[in-house]
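Okay, structure first, notes after.
We name chains A, B, ... by the order of the sequence lines, and we start the count at 1 in each one. Worth saying up front: this structure is predicted, and the values here are computed from it rather than measured.
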Amino acid sequence: MIERVLNDFDIDQIANSGQCFRFHRVGDKSYNLIAGTHLLNIQQNGRTVRFDCDEDEFNAIWRPYFDLDTDYGRCKAAVAKRDTYLQNAVAYGGGLRILRQDLWETILCFIISQQNNIARITKCVENLCSLFGETCYNKSEQVYNSIPTAERLAACTPEDLAPVRLGYRAKYICAAARQVASGVVDLEAVRHMDYAHAKAELLRLTGVGIKVAECICLFALHHIDAFPVDTHIRQMLDAHYPKGFPLKRYKGFAGVMQQYAFYYELSLKD
DNA sequence: AGCCAGGCTCCGT
DNA sequence: ACGGAGCATGGC
């Protein structure tokens with residue numbers, strides 16, 4: 001069991017930020033999270049966060065996953081004083097983090113995300129894992145399913161995936177899985193590329209366009225210059241930044257600002 | 001009931 | 001190179 005006192009960290013905000021679709025709420029500020037082949041129970045009480053794992057796993061997996069070595073206070077302090085929109089967004093979602101998620105898992109989740117809503121994305125991801133994922137066990141003998149491998153999905157047809165209810169995205173998933181399993185797109189190489197090259201390589205995947213590629217760059221590869229523009233961000237930009245978002249001001253961490261804005265926009269719509 | 005959702009591919013110009 | 005139709009499904 002690991003306990004840490006953390007600033008700028010709110011597990012509810014992180015779990016509901018639409019970066020990861022594999023947080024399962026199990027109690028007050030308490031979640032089971034499946035990331036790659038790992039399962040974590042995490043619980044927050046005030047600034048104290050409890051990670052149910054040993055120190056080696058914490059350092060190897062969860063510390064980078066939650067980006068705990070980054071000072072988000074510095075990002076927040078960079079927000080222009082007169083920019084009341086971003087000031088409000090930061091005040092609202094000040095506990096957000098940019099996660100370092102598994103690359104293949106993020107590719108699948110964000111292919112599924114297109115032209116879809118978060119509630120249904122979550123269901124599709126759950127279906128995909130429970131029907132095609134690898135069965136995993138942790139030390140406490142908890143059973144859970146990881147995201148299916150590219151090899152497993154490459155052997156599937158879109159009809160095979162029908163129970164997942166992916167709609168027209170099923171054929172994208174099958175095609176992308178074949179590209180990855182065959183090595184036509186080398187994800188291990190993508191991991192070591194800079195932002196521009198990684199984005200270009202991801203764009204070769206069927207079902208991955210600019211927006212999805214930028215989400216993958218931001219939420220898996222931690223290229224925090226990425227600034228995905230989806231329908232919510234588009235509306236926000238039109239309403240609050242008609243002359244364009246000040247990307248230069250936030251160069252090097254624009255993706256963090258994007259995430260504050262995205263989470264704030266979601267809150268304004270329910 | 002009808003609009004919309006963390007868009008993309010494909011096919012005309 | 002660019003623009004628009006079509007796309008599956010279900011939440012609200």
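In the hydrophobic clustering of this structure, A:V180 groups with A:L128; members are Ile, Leu, Val, Met, Phe, Trp, Tyr whose side-chain heavy atoms approach within less than 4.5 Å, directly or through other members. Hydrophobic clustering (side-chain heavy atoms under 4.5 Å, transitive across Ile, Leu, Val, Met, Phe, Trp, Tyr) groups A:L266 together with A:F245. Linking Ile, Leu, Val, Met, Phe, Trp and Tyr whenever their side-chain heavy atoms come within less than 4.5 Å leaves A:I34 and A:L131 in two separate clusters.
When the C1' atom is used for both C:dG10 and B:dT9, the distance is 22 Å, rounded to whole Å. Nucleotides C:dA5 and B:dC4 are separated by 15 Å at their P atoms, to the nearest Å. If you take atom P in B:dC3 and the same atom in C:dG6, they sit 16 Å apart, rounded to whole Å.
Following rounding to the nearest Å, A:K269 (NZ) and B:dC4 (P) show an atom-to-atom distance of 11 Å. Rounded to a whole Å, the CD1 atom of A:I121 is 12 Å from the P atom of B:dC8. Between A:L202 atom CG and B:dG6 atom C1' there is a gap of 16 Å when expressed in whole angstrom units. The separation between A:L161 atom CG and C:dT9 atom P is 12 Å, rounded to whole Å. Atom pair A:L268:CG and B:dG6:C1' shows a separation of 16 Å (rounding to whole Å applied). Here the C1' atom of nucleotide B:dC8 and the CZ atom of A:R204 are 17 Å apart, to the nearest Å. For A:F110 and B:dA5, the CZ to C1' distance is 14 Å, given to the nearest whole Å. Atom P of nucleotide B:dC8 and atom CG of A:L166 are separated by 16 Å, given to the nearest angstrom.
Applying a 4.0 Å cut-off to non-hydrogen atoms, none of the residues of residues 210-225 of chain A approaches DNA chain C. Within residues 111-120 of chain A, the residues approached by DNA chain C to less than 4.0 Å at the level of any non-hydrogen atom are A:Q115, A:N117, A:R120, in residue-number order.
Remark: the A:T231 side chain and the A:Q235 side chain contain an N/O donor-acceptor pair separated by less than 3.5 Å. Side-chain contact annotation: A:T157 with A:D160, donor-acceptor N/O pair under 3.5 Å present. Checking A:Q87 against A:D83 by side-chain atom types alone, no donor-acceptor pair falls below 3.5 Å. Remark: the A:N7 side chain and the A:R47 side chain contain an N/O donor-acceptor pair separated by less than 3.5 Å.
With hydrogens and angles ignored, a donor-acceptor pair closer than 3.5 Å exists between the side chain of A:Y168 and the base of B:dG7.
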For a quick test of your reading: what N or O donor-acceptor pairs under 3.5 Å do the side chains of residues 208-227 of chain A make, sequence neighbours left out?
| unit_1 | atom_1 | unit_2 | atom_2 | d |
| --- | --- | --- | --- | --- |
| A:E214 | OE2 | A:K199 | NZ | 2.7 |
| A:H222 | NE2 | A:D67 | OD2 | 3.3 |
| A:H223 | NE2 | A:M193 | O | 3.4 |
| A:D225 | OD1 | A:G252 | N | 2.7 |

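Considering only side-chain N and O atoms, A:K171 lies under 4.0 angstrom from the phosphate OP1 or OP2 of C:dA8. Under 4.0 angstrom from either OP1 or OP2 of C:dA8 there lies no side-chain N or O belonging to A:R165. Dashed line: the shortest gap from a side-chain N or O of A:T231 to OP1 or OP2 of B:dG6 is not under 4.0 Å. Residue A:K123 has a polar side-chain atom (N or O) positioned under 4.0 Å from OP1 or OP2 of C:dG11.
Pairing analysis of DNA chain B (Watson-Crick: purine N1 to pyrimidine N3 plus N6-O4 or O6-N4; G-U wobble: N1-O2 and O6-N3; both under 3.5 Å) yields stems of 3 or more pairs at B:2-5 with C:9-12, B:7-13 with C:1-7.
Looking at A:R191 and A:E188, a side-chain N of the basic residue comes within less than 4.0 Å of a carboxylate O on the acidic one, giving a salt bridge. Taking 4.0 Å as the cut-off between side-chain N and carboxylate O, A:K29 and A:D10 count as a salt-bridged pair. Of the charged side-chain nitrogens involved, none lies within less than 4.0 Å of a carboxylate oxygen, so that A:D230 and A:R234 do not count as a salt-bridged pair. Under 4.0 Å is where a charged nitrogen must lie from a carboxylate oxygen, and between A:E151 and A:R178 no such pair does.
Base contact: A:G18 has a heavy atom under 4.0 Å from a base atom. Using a 4.0 Å heavy-atom distance criterion, A:T122 is classed as making no nucleic acid contact. Among the atoms of the strands shown, base atoms are found under 4.0 Å from some heavy atom of A:Q259.
Remark on DNA chain B: of its neighbouring residues A:T206 and A:V229, the 5'-side contact belongs to A:V229, judged by nearest-heavy-atom nucleotide.
The backbone N or O of A:Q19 sits nowhere less than 3.5 Å from a side-chain atom of A:Q259 that would complete a donor-acceptor pair.
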Please tabulate the protein-to-nucleotide N/O contacts below 3.5 Å involving nucleotides 10-13 of chain B, giving atom names and distances.
none

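For A:F110 and A:F21, the ring centers are positioned less than 6.0 Å apart.
If you chain together ILVMFWY residues whose side-chain heavy atoms come under 4.5 Å of each other, A:V49 ends up grouped with A:I2, A:L6, A:F9, A:I11, A:I14, A:F23, A:Y31, A:L33, A:L40, A:I42, A:F51, A:F58, A:I61, A:W62, A:Y65, A:F66, A:L68, A:L99.
Taking a centre distance below 5.5 Å and an interplanar angle below 30 degrees as the stacking criterion, A:F262 stacks against the six-membered base ring of B:dG6.
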